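Remember, it's a predicted structure, so these values are computed and weren't measured experimentally. In the text below, chain A, chain B and the rest are named by the order of the sequence lines, each starting its count at 1.
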Amino acid sequence: MPEERNIQYVEASVEALQEEMRRDSSIFYIGQGIGQRGGNFKQSKGLWEEFGDRRVRDMPISELGQVGMGVGAAMAGARPVVDIVFLDMIMEAMGQIVEQAATIHYTSNGKFKVPLVVRAAMGSARCTGPHHSRCFYSWFAHIPGLKVVLPSSAADVKGLMKTAIRDDGPVIFIEHKFFYNKKGPVPTGEYAIPFGVANVCRKGKDVTILAMSLMVWHALEAAERLQKEGISVEVIDPRTIVPFDEQTLLESVRKTGRLLIVDEAQQFCGFSAEAAAVVSSKAFDSLDAPVSRLGALHTPHPFNPVLEAAMLPSVDGIVAEVRRLVAS
Amino acid sequence: MPEERNIQYVEASVEALQEEMRRDSSIFYIGQGIGQRGGNFKQSKGLWEEFGDRRVRDMPISELGQVGMGVGAAMAGARPVVDIVFLDMIMEAMGQIVEQAATIHYTSNGKFKVPLVVRAAMGSARCTGPHHSRCFYSWFAHIPGLKVVLPSSAADVKGLMKTAIRDDGPVIFIEHKFFYNKKGPVPTGEYAIPFGVANVCRKGKDVTILAMSLMVWHALEAAERLQKEGISVEVIDPRTIVPFDEQTLLESVRKTGRLLIVDEAQQFCGFSAEAAAVVSSKAFDSLDAPVSRLGALHTPHPFNPVLEAAMLPSVDGIVAEVRRLVAS
Amino acid sequence: MQRMRQFELRIQQTYRSGVMPGFIHLYVGEEAVAAGVCAHLSREDYVTSTHRGHGHALAKGVPVKEAFAEIWGKPTGVNGGRGGSMHIYDPSCGFLGTNGIVAAGIPIASGAAMAASLRGDGHVAVSFFGDGAVNNCAFHEGINLAAALMLPVVFVCENNLYATETPFHRVTRNTNVASRAAAYGIPGIGIDGNDVLEVHRVAGEAIARARAGEGPTLIECATYRPLGHFEGDPGTGYRPKEEIAEWKLRDPIDRLALAAMQAGLVAEAELRDIERQVEREIEEAYEFARLSPEADAATVTDFVYA
Amino acid sequence: MQRMRQFELRIQQTYRSGVMPGFIHLYVGEEAVAAGVCAHLSREDYVTSTHRGHGHALAKGVPVKEAFAEIWGKPTGVNGGRGGSMHIYDPSCGFLGTNGIVAAGIPIASGAAMAASLRGDGHVAVSFFGDGAVNNCAFHEGINLAAALMLPVVFVCENNLYATETPFHRVTRNTNVASRAAAYGIPGIGIDGNDVLEVHRVAGEAIARARAGEGPTLIECATYRPLGHFEGDPGTGYRPKEEIAEWKLRDPIDRLALAAMQAGLVAEAELRDIERQVEREIEEAYEFARLSPEADAATVTDFVYA
Ligand SMILES: Cc1ncc(C[n+]2csc(CCOP(=O)(O)OP(=O)(O)O)c2C)c(N)n1
Ligand SMILES: Cc1ncc(C[n+]2csc(CCOP(=O)(O)OP(=O)(O)O)c2C)c(N)n1
Ligand SMILES: [Mg+2]
Ligand SMILES: [Mg+2]
């Protein structure tokens, strides 16, 4: 085992940026409040002090412009990291992300590369409400050309951020704002985590749970509780949904025969549908029960805490759904 | 049978707009080139002449502004129709569509309604290339609060457009640019087609094909060819994917035991995944073979016609896939 | 202004006690803008607002109790507590919403003005937004559209010099917002946003022009946010102490009170009376919100589709 | 200019013969802008372009043969025929693409300029766009950002009075594009875009300023599109015949030729020589494209992820 420290998720992300920026002077970082302020979530703390205004630059409230600049800079040989802070605001920049960043490598016949990282935080955290909580990562996954990263631990955020920055194509890097100040073990030395390799967070034999980001934690907590009832749950975190590690998931389901997908996003036309479709088709003969999905209710995020809790997948909800699945 | 005429798909759409605008003076229509020009695809022909500049107004290239105006006007008691012309350009307006149009009814606790129709044409037509061909309707379906219409015939476009305009919420109305000048029978009298009612376009017993928009035509052509081989295909067009008529599809699959979903969009995290997930789960015991999906390849739209043809689902491809499905 | 001020100080107090969910942005110190502008508007006129919108909501007529309860996330709130601070909507007074998305209200106001102009009913729309909105897409497209169509709308920029912690001059080379009106061929006027009388006069002219069909105006109100960006931000790390202190001296309520007393229009006792009256009103609103029941989880799926 | 002109007339002819897929927008009549600006650029400088971008591509150095083949969708095209007219990219000459999305190239140019400025290599970016882009989001944010960061970029508006069939004055109250530079605190200059010498002079100054670290400039070139918006649009339904006729008299190539001859700098025969030389070059490009093999369907999934 390599040496580890217990640090915050957000600190791990800053380490990744710092180490990469030291290594490669073509990397720069732009976003609202990521300069002197050190980031709304402290997600750039200390970077401005070290790298200065030229490489760590506060932006006006111009998400489209920021991403557009990222595309141009990437085409011109730099490696920009563009911070959107709240994922919701990326809506303003969808055209630049989809039509330009995602497409230019293909359309130019491989002549241009667009090594751009777009970073943002998603998810609900203490009633962030309808405009600051959305989790629409499936949108990016639907678009050819974008890689989509959903780290769920401090160690993963560091290792995956490094891979994102070194990737030669556009990467949508989505953290969960609820995590940022949570702590977790992070290796001391240099490491990067490859894309497309799922993490089997917990081994089990009765049911497989596929979960992303914050939902991994919920799933692990539910698995712990279910263990006491004698139900053995395997928890898989895909870490990146593009590329998607189908194999690890299929192997698990072939073993357990049952799959629950837990997704903080709405189910309809989302990643939970894709994973369910893939497993239902490719593990057709191994399934002992229909694949089950637990997503957010199909509503916007209500502000009221009671409604918000009712809208989102919960540990209780996961436990109940696994029980039902095992009984069926 | 009501009386019918054979008119163009695009003429049918104009009739719907014209009749509704005559009926209700709160309807207005804005978009680029939909005024005096009569629309890039003739999709507003004659409306400017009849209703004048105040109700049919050319816009600058400001998709975000157009949709934002639509939201405000709808909140203030009008019934705007906003034409984006090429669906691709709606990317510029995603924030207004998702955060405002789709969300305000919910967040205001039902106090505001946003009766807004956003109209656009999707799909490939003779090498329209990467920026003028996309079919990302699944994005809208993923977002709570938006209804999503994909008419596939001249009669449907008229009847569904009327329903869209009369709907009290935001509706994303997506035509296919390849159709616009195709002709089809359209009833003479007044009629509207309700949302959420699938159309069983062809009855069959061996395999069900679910297809949307242009793919309905491909599916029907394939079905015709397969009939000659003795394979009986049922073709279902959902017409609206939100609301989605699950029931009609499930009944069909319970009968045929086999389902192929044909989708002009990419499969990953799209509507084809949702439909496959729903059927795999709810018709678990009726399926004789895994649900099969045939979508666009996971690439941007290449301009070159050979590559473009290779990227999109074709009649040949459907025929081959149905054969495989029936044999399995 | 007293109502806005006391309302927000009570909200602040309640929030600090830890019972309120979410995050809130206070308008304290900028009240002269909302007060001076909204004085010209009827219930049928429209307003779009921002993340810092409590003041706009009250000035436009959202009932105090229901606003308090909304910010607290209570089911008795004007939107059942589903919206909270950044999502306050009230059709009964033409209030088209506070907004979590910077600048998003600008084209929405143009649209409301378009609806009014189509009906020809003489109503206008006003859009409030911060300096942070000025470099955003929606500012550009929303204003240009309103100008091109000569819509009855007034754009009111509350330039408080910062967007979160970012000074305006760091993110643009033209910090004169009023001058940007020229880009759209409409009048632009820069005024002292902490002088309610000046705001009232200039907004009155712009709104009258709009009602008369003479098109939009852009008004830049120079103002300041003496508190932090949101409750929890001390607001001091990125601004010189002197700057904050200086602006506190220009408090719009104190200034109006002083001017009115000096002009002999009002006695100090009368002002105290008003204050106390408002105090009671706010206290009632607080109690109303506090005593409201919790939301019913079963309603969570209501109103997704109209 | 001759190269651009003859190239496009040959493209037009080929397109009309029905063998070319897609749709194309011709730059005929506006060549002075690309020629005058790009004369100042090295292969290491950057250009972003538009849907009407053949001229920009050639002027920036995309090889004629590969450009012709690309527009024809041939695998020998500069992008293997995957892009076509609106998606021509060439890193070997800093050509960041024609673009199917109006105004999208503007912030991309700012970004390229940022990369250059970070390296401190003295290179600049130029963004070409139409009057139709001016009222769009990306114009506003892209230019403001470049100005705020003082980036080495020049924004060149080709104001040909129409966006598709919509006259510029119908969609804005300020048709003076150069004047909009003031909104961003940068210089704005309006010039005759059909006078290549004027374009050359003014662009030279702006590019020199950019290289010297003095920030961006906005240049508005008054020009005209004598042909239709796209091949197939006669271009006459929405414009007065006199307007078209008048602008044809101001053809940039004829004007330069006449001026050069009058100044005694060139003889008519020499001009004919150039024309014929270009004709041969274009004919070769045509033949090159025509004789290219068809694309291989198996390559369709190449280059999705880098
Ligand atoms: C489109 C968008 N981008 C970013 C944010 C995050 N954000 C919320 S408030 C704010 C600053 C707004 O500044 P300004 O408009 O000047 O208003 P002020 O807070 O000063 O009143 C930012 C960046 C947002 N809400 N919307
Ligand atoms: C964002 C966006 N909206 C709409 C279109 C459709 N469109 C293509 S070209 C064009 C007109 C462009 O006019 P202008 O910028 O003046 O360039 P010109 O054609 O006159 O050279 C429009 C509306 C588009 N390509 N992109
Ligand atoms: Mg501000
Ligand atoms: Mg033009």
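- Side chain of B/Lys111 to main chain of C/Val78: a donor-acceptor pair is present (N/O by atom type, distance under 3.5 Å, no hydrogens or angles).
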Between B/His105 and C/Tyr305, does the side-chain contact (heavy atoms from CB on, under 4.5 Å) criterion hold? Intermediate values first, please. CA-CA 7 Å; B/His105 182 59; C/Tyr305 297 97; over 6 Å; no
Steps toward side chain to side chain donor-acceptor pair (under 3.5 Å) verdict (C/Asn99, B/Glu99): CA-CA 9 Å; C/Asn99 213 315; B/Glu99 305 293 7; over 6 Å; no
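- When every heavy atom of B/Arg54 is checked against every heavy atom of C/Met114, the shortest pair comes out as O-CE, 4.1 Å.
- Proximity to chain B (any heavy atom under 4.5 Å) is shown, for C/Val300, by both the backbone and the side chain.
- With a threshold of 4.5 angstrom between heavy atoms, C/Ala109 does not approach chain B through any atom at all.
- When side chains are defined from C-beta on, B/Gln100 counts as touching C/Ile101, because their heavy atoms get closer than 4.5 Å.
- B/Val242 touches chain C through its side chain: at least one heavy atom from C-beta onward sits under 4.5 Å away, while N, CA, C and O do not.
- Summarising the geometry of C/Ala306 relative to B/Asp167, their closest heavy-atom pair is O-OD1, 4.4 Å, with the distance given to 0.1 Å.
- Around the CD atom of B/Gln36, the shell of radius 6.0 Å holds no more than 12 heavy atoms that belong to other residues, nucleotides or ligands.
- For chain C, the nearby part of B/Glu63 is the backbone; its heavy atoms alone come within less than 4.5 Å.
- No part of B/Thr103 comes within reach of chain C, as not one of its non-hydrogen atoms sits under 4.5 angstrom from that chain.
- Interface summary for chain B: among C/Thr48, C/Ile88, C/Leu149, the most heavy-atom pairs under 4.5 angstrom belong to C/Leu149.
- Closest non-hydrogen pair, C/Leu145 versus B/Gly65, comes out as CD1-C, 3.4 Å.
- Across all non-hydrogen atoms, the minimal contact from C/Phe95 to B/Phe112 is O-CE1, 3.4 Å.
- Only the side chain of B/Arg57 has a heavy atom closer than 4.5 Å to any heavy atom of chain C.
- When B/Gly70, B/Gly110, B/Gly145 are compared by the number of non-hydrogen pairs under 4.5 Å with chain C, B/Gly145 comes out ahead.
- The residue among C/Arg82, C/His123, C/His87 with the most heavy atom pairs within less than 4.5 Å of chain B is C/Arg82.
- The candidate from B/Met59, B/Arg55, B/Gln96, B/Lys113 with the greatest count of non-hydrogen atom pairs under 4.5 Å with chain C is B/Gln96.
- For the set B/Ile30, B/Ile61, B/Thr107, the count of heavy-atom pairs under 4.5 angstrom toward chain C peaks at B/Thr107.
- Inter-residue side-chain proximity for C/Tyr89 and B/Met75 is flagged as met; some heavy-atom pair is nearer than 4.5 Å.
- Ranked by heavy-atom pairs under 4.5 Å with chain B, the list C/Pro91, C/Ala113, C/Ser110 is led by C/Pro91.
- Under the side-chain contact (heavy atoms from CB on, under 4.5 Å) rule, B/Tyr106 has a single partner from C/Val304, C/Asp302, C/Asn79, C/Thr301, which is C/Val304.
- Across B/Ala78, B/Ser62, B/Ser26, B/Pro60, the residue that shares the most heavy-atom pairs under 4.5 angstrom with chain C is B/Ser62.
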